[in-house]
Undergrad: 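Pasting in a structure now, in C-alpha cells, and then I'll have a few things to ask.
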Amino acid sequence: MLDLDFIRSNPDKVKKAVQNKGEKANLDEVLKLDTARREVITQLDNLRARRNKASDEVAQLKKSGQDAKAIITEMKTVSADIKRLEDEIKSVEDKLQQLLRWIPNIPADDVPIGIDAKSNLEVKHWGKRAEFSFAAKPHWEIGSNLGILDSETATRIAGSGFILLKGKGARLERALINFMIDLHTQEHNYCEIAPPFMANRQSMFATGQLPNLEQDMYATKEEDMFLIPTAEVPLTNIWRDTPIPEDDLPVYYTAYTPCFRRESGSYGKDTRGIVRVHQFDKVEMVKFVQPKTSFDELEKLLSDAESVLQALGLEYRVVKLSTGDMSFASAKTYDIEAWAPGLGRYLEVSSCSNFTDFQARRGNIKFRDKNGKLKFVHTLNGSGLALPRTLICLLETYQQPDGAVEIPKVLQPYMDGVTAIKHS
RNA sequence: GGAGAGGUGGCUGAGUGGUUGAAAGCGGCGGUCUUGAAAACCGCAGUCCUGCUUAGCGGGACCGGGGGUUCGAAUCCCUCCCUCUCCGCCA
C-alpha cells in the first residue's frame with residue numbers, strides 16, 4: 001500500500017510505476033475519491049462538532065432542570081444528516097481502499113525498466129561450470145535410480161506436483177534445512193522462528209498475497225485461512241499492529257517452513273521433475289529495518305543467501321529483476337539462479353526483495369523513533385534457499401559416472417558423515 | 001463439540017446513557033531535592049484522520065470488529081472475532 005499523501009503529490013511517479021510493473025490500477029479514480037473523501041470529512045466533522053456542543057448544552061439544561069426540547073428537536077435533523085454523511089464516507093472509503101489495494105509499490109530508481117524477464121540484468125556470476133565426462137542426467141533420473149526420489153508414490157498420495165523423498169534423500173533434505181538454518185543463525189545473526197504454516201486473510205493482505213494471488217493459494221473451506229505460500233507471510237506478520245522497540249532494529253528472522261502453491265495456470269511449465277511443485281520446503285529470511293538502511297540491508301540479505309550456494313559449491317548467477325518481472329509489493333528484487341547441469345539451465349533458488357514501507361503500511365508495522373514518533377519500518381525478505389531446486393542443482397552437479405552423488409563437505413556432518421549417496 | 005466468564009491507554013484496573021480521552025496504581029519522560037543515586041514531591045504524557053495563517057493552533061474519530069437504539073453510547077441491544085475456565089474428544 002502506498003501513502004495516499006504520496007500518491008496525491010506524485011501522481012506521475014505512481015502512474016509510471018503502475019505502467020512499468022504491468023499492473024492495472026485506476027489512479028484517476030483514486031485521486032477523485034481522495035478529494036471527495038476529504039470534502040465529506042470536512043462536512044461531517046463540522047456537523048459532529050455541532051452535535052457535541054449541543055450535547056453538552058442538553059446535559060447542562062437537564063442538570064439545572066430546564067427544558068431542552070428545542071435543541072433536541074434541532075439535533076434530530078443534524079443527526080440524520082450525520083448518518084447520511086457517515087454512509088457516504090463509508091462508501092467512498094471502501095471504494096478508495098478497494099482501488100488502493102491494486103496500486104503496486106514504486107520500483108527503485110536503479111531497477112531496469114521492462115515488461116518481463118527479458119529486461120532483467122545479470123549482475124554477478126559465481127563458480128565454475130561443472131564438467132562431465134558423461135552425459136549429465138536430470139535429477140529425476142538420478143533420484144529414482146538411487147531410490148531416494150519417488151514421484152509416482154507422491155502422486156498416488158496427493159496428486160501430481162508433489163514430492164516424496166526417501167531414505168538418504170529425505171535425510172539430505174533435512175540436512176540442507178538444518179545446515180541453512182545453522183548458517184543464518186550462527187553466521188548471519190538471524191533469530192530462528194518456527195511459525196504457523198497457515199495464515200488468515202489479514203496476514204495475507206499485509207504481505208501482499210491478497211488480493212492479487214488469492215487463486216494461487218490453498219484455502220481452507222470452513223475457517224477462511226490459507227496455507228502459506230512462503231514463510232514470508234508468518235514472519236512478516238509477527239509485528240503486524242505491534243510497534244517494534246527501536247533498539248531492537250534491525251530485526252532478523254529465519255524460518256524453515258513448507259510452502260504451498262496451487263501453481264494454477266502453469267500447466268506445461270516444468271512438468272518433469274521437481275522444479276515446480278505444489279508443496280516444497282524453504283528456509284526464509286525476513287528483516288525489519290530502519291528506512292534509511294533498507295537498500296544496504298538488501299545487499300546483505302543477498303549475500304547471506306549467496307553464502308549458502310557458495311558453501312555448497314554450486315554455480316550461480318545473480319539477476320536484478322526488471323520492473324515487469326518483480327512482484328507487486330517489491331521496490332527492488334534480486335533473484336539468485338543456480339545452475340542445474342542435468343537440465344542445462346539456471347533455476348531460481350532465491351528471491352531477495354526490499355519492500356520498503358509497502359508491507360509495513362498494509363500491516364501497520366511501525367517503530368518509535370528517537371523523537372517518540374511512530375514510523376513505518378521497511379521490510380525485506382529472501383529465500384535462503386528454496387529446497388527442491390537446491391536439491392536438484394546438488395544432485396545434478398555432484399552426480400558421478402556410476403550414478404552416485406557426492407555430498408558437499410559442509411553437509412556431511414548433517415548426514416552422519418556420509419560422503420556420497422550410492423546405489424544400494 | 002457442550003457450558004460459563006471476559007475483552008477499557010505501554011501494563012494492571014475503575015467506570016449510575018450526558019465536560020470520561022477516560023479514575024487509580026505501576027511503568028515512562030521532564031523537573032525540585034542530592035556530591036551522585038534512591039526515596040519523596042511537582043509537572044508532562046495515546047493513536048489515527050482532517051483543516052488552517054503548518055516547529056504551532058483548531059476540529060473530528062477511536063474503550064476487540066461491525067451494525068442498531070438515542071438529541072447524546074465505553075455504558076443498552078444484535079452480530080462476528082478473540083482470550084480464559086470447566087466438560088467431552090484427541091497427538
Undergrad: When the C1' atoms of B:rG65 and B:rU83 are considered, how many whole Å apart are they?
TA: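 Here B:rG65 and B:rU83 have their C1' atoms 15 Å from each other.
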Undergrad: Contact class for A:Ala49 (heavy atom, under 4.0 Å): base, sugar-phosphate, or nothing?
TA: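 Answer is sugar-phosphate: A:Ala49 comes under 4.0 Å of backbone atoms only.
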Undergrad: Provide the Watson-Crick or G-U wobble partner of B:rC89, both distances under 3.5 Å; none if there is no partner.
TA: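 Matched B:rC89 with nothing under the 3.5 Å cut-off.
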Undergrad: Below 4.0 angstrom, N of the basic side chain to O of the carboxylate: do A:Glu93 and A:Arg37 qualify?
TA: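 Salt bridge between A:Glu93 and A:Arg37, a charged N being under 4.0 Å from a carboxylate O: yes.
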Undergrad: What nucleic acid atoms does A:Ile71 come within less than 4.0 Å of, heavy atoms only: base, sugar-phosphate, or nothing?
TA: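 Answer is nothing: A:Ile71 stays at 4.0 Å or more from every strand.
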Undergrad: With rounding to the closest Å, how many angstrom separate the P atoms on B:rU75 and B:rG6?
TA: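 Taking atom P in both B:rU75 and B:rG6, they lie 15 Å apart.
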Undergrad: Quick test of your reading of the model: are A:Arg84 and A:Asp81 salt-bridged, counting only N-O distances below 4.0 Å?
TA: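 Looking at A:Arg84 and A:Asp81, the cut-off is met.
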Undergrad: Check the distance between B:rA61's P and A:Lys90's NZ and give it to me in whole angstrom.
TA: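 Computing the A:Lys90:NZ to B:rA61:P distance gives 18 Å.
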Undergrad: Roughly how far apart, to the nearest Å, are B:rG67 and B:rC62 at atom P?
TA: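 Their P atoms lie roughly 11 Å apart.
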Undergrad: Classify the ring geometry between A:His184 and A:His188 as parallel (under 30°), tilted (30 to 60°) or perpendicular (over 60°).
TA: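 Aromatic pair A:His184/A:His188 classed tilted.
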Undergrad: Using atom CD of A:Glu57 as one end and atom P of B:rC71 as the other, report the distance to the nearest whole Å.
TA: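 So the two atoms are 17 Å apart, to the nearest Å.
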Undergrad: Does B:rG58 pair with anything, Watson-Crick or G-U wobble, both distances under 3.5 Å, and if so, with which nucleotide?
TA: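 With both distances under 3.5 Å, B:rG58 matches B:rU50.
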Undergrad: It should be established whether A:Thr42 places a side-chain nitrogen or oxygen under 4.0 Å from OP1 or OP2 of nucleotide B:rG59.
TA: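 For B:rG59, OP1/OP2 do not have a side-chain N/O of A:Thr42 under 4.0 Å.
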Undergrad: How about A:Phe328 and A:Phe358: are their ring centroids closer than 6.0 Å?
TA: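 Yes: the rings meet the under 6.0 Å criterion.
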Undergrad: Considering every strand shown, what is the Watson-Crick or G-U wobble mate of B:rC82 when both distances are under 3.5 Å?
TA: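 The base-pairing partner of B:rC82, which may sit in any strand shown, is B:rG6.
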Undergrad: What is the base-pairing partner of B:rG36, counting Watson-Crick and G-U wobble geometry with both distances under 3.5 Å?
TA: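 Across any shown strand, B:rG36 pairs with none.
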Undergrad: So, A:Asp110 and A:Lys320, do they make that salt bridge, N to O below 4.0 Å?
TA: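 Judged by the 4.0 Å cut-off on N to carboxylate O distance, A:Asp110 and A:Lys320 do form a salt bridge.
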Undergrad: When rounded to the nearest Å, what value does the distance between C1' atoms of B:rG9 and B:rC71 take?
TA: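 B:rG9 and B:rC71 have their C1' atoms separated by 29 Å.
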Undergrad: Please give, in whole Å, the distance from B:rC49 P to A:Leu33 CG?
TA: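 Going from A:Leu33 (CG) to B:rC49 (P), I get 18 Å.
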Undergrad: For A:Arg201, answer base if it contacts any base atom (sugar-phosphate contacts may also be present), sugar-phosphate if it contacts only those atoms, and nothing otherwise; contact means non-hydrogen atoms under 4.0 Å.
TA: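 No contact.
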Undergrad: For A:Lys373 and A:Asp34, take the nucleotide of RNA chain B holding the closest heavy atom to each; which residue's nucleotide lies nearer the 5' end?
TA: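 That would be A:Lys373.
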Undergrad: Using whole Å, what does the distance between atom P of nucleotide B:rC71 and atom CG of A:Asn52 come to?
TA: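 To the nearest whole Å, that distance equals 16 Å.
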Undergrad: Whole Å only: how far is the CD atom of A:Glu86 from the C1' atom of B:rC62?
TA: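 In whole Å, B:rC62 C1' and A:Glu86 CD are 13 Å from each other.
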Undergrad: Roughly, in whole Å, what's the span from CZ in A:Arg48 to C1' in B:rU50?
TA: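 The answer, rounded to whole Å, is 11 Å.
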Undergrad: Any strand counts, and the cut-off is 3.5 Å on both contacts for Watson-Crick or G-U wobble. Which nucleotide pairs with B:rC41?
TA: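 Across any shown strand, B:rC41 pairs with B:rG31.
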Undergrad: Which residue lies toward the 5' end of RNA chain B, A:Lys53 or A:Val58, if each is placed at its nearest nucleotide?
TA: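 The residue mapped nearer the 5' terminus is A:Val58.
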Undergrad: If the threshold is 4.0 Å, N to carboxylate O, is there a salt bridge linking A:Asp28 and A:Lys32?
TA: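 Answer for the salt bridge query: no.
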Undergrad: Decide, yes or no, whether a salt bridge links A:Arg361 with A:Asp357 under the criterion of side-chain N to carboxylate O below 4.0 Å.
TA: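 Salt bridge between A:Arg361 and A:Asp357, a charged N being under 4.0 Å from a carboxylate O: yes.
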Undergrad: Say you pick atom C1' in B:rU32 and the same atom in B:rA38; how far apart are they, in whole Å?
TA: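 My reading of the C1' atoms in B:rU32 and B:rA38 gives 15 Å.
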Undergrad: Whole-Å distance between B:rC49 P and A:Leu374 CG?
TA: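 It is 11 Å, rounded to the nearest whole Å.
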Undergrad: Using atom P in both nucleotides, what's the gap between B:rG43 and B:rC82 to the nearest angstrom?
TA: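 Rounded to whole Å, the distance is 45 Å.
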Undergrad: Starting at CZ of A:Arg368 and ending at C1' of B:rC48, how long is that distance when rounded to a whole Å?
TA: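 Going from A:Arg368 (CZ) to B:rC48 (C1'), I get 13 Å.
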Undergrad: Using the side-chain heavy atoms of A:Arg51, tell me which of these nucleotides is nearest: B:rG66, B:rG72, B:rC49.
TA: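 Closest nucleotide to the A:Arg51 side chain: B:rG72.
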Undergrad: Please name the residue in the list A:His378, A:Lys375, A:Glu246 that meets the side-chain hydrogen bond (donor to acceptor under 3.5 Å, both in side chains) test with A:Gln290.
TA: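 In the set A:His378, A:Lys375, A:Glu246, the residue that makes a side-chain hydrogen bond (donor to acceptor under 3.5 Å, both in side chains) with A:Gln290 is A:Glu246.
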Undergrad: In Watson-Crick or G-U wobble terms, both distances under 3.5 Å, what is the partner of B:rU19?
TA: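 Here B:rU19 is not engaged in any pair, so there is no nucleotide opposite it.
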Undergrad: How is A:Lys366 classified with respect to the nucleic acid when contacts are heavy atoms under 4.0 Å: base, sugar-phosphate, or nothing?
TA: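 The answer is sugar-phosphate, as A:Lys366 gets under 4.0 Å only of primed atoms, P, OP1 or OP2.
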Undergrad: Determine whether a donor-acceptor pair (one donor, one acceptor, N or O, separation below 3.5 Å) exists between the side chain of A:Asp45 and the base of B:rG59.
TA: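 Check passes, donor-acceptor contact within cut-off.
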Undergrad: If the cut-off is 4.0 Å, is A:Lys83 near the phosphate of B:rU69, judged by side-chain N/O to OP1 or OP2?
TA: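 Answer is yes, contact under 4.0 Å.
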Undergrad: Is there a side-chain contact between A:Lys76 and the phosphate of B:rC71, meaning an N or O under 4.0 Å from OP1 or OP2?
TA: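 For A:Lys76, the contact criterion (side-chain N or O under 4.0 Å from OP1 or OP2 of B:rC71) is met.
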Undergrad: Can you identify which nucleotide, out of B:rG18, B:rC49, B:rC48, has its nearest atom closest to the A:Ala59 side chain?
TA: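 When the side chain of A:Ala59 is considered, B:rG18 is the closest of B:rG18, B:rC49, B:rC48.
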Undergrad: Say you pick atom P in B:rU16 and the same atom in B:rG7; how far apart are they, in whole Å?
TA: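 To the nearest whole Å, 13 Å.
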Undergrad: Using the C1' atom on both, measure B:rA91 against B:rC84 and round to a whole Å.
TA: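 B:rA91 and B:rC84 have their C1' atoms separated by 23 Å.
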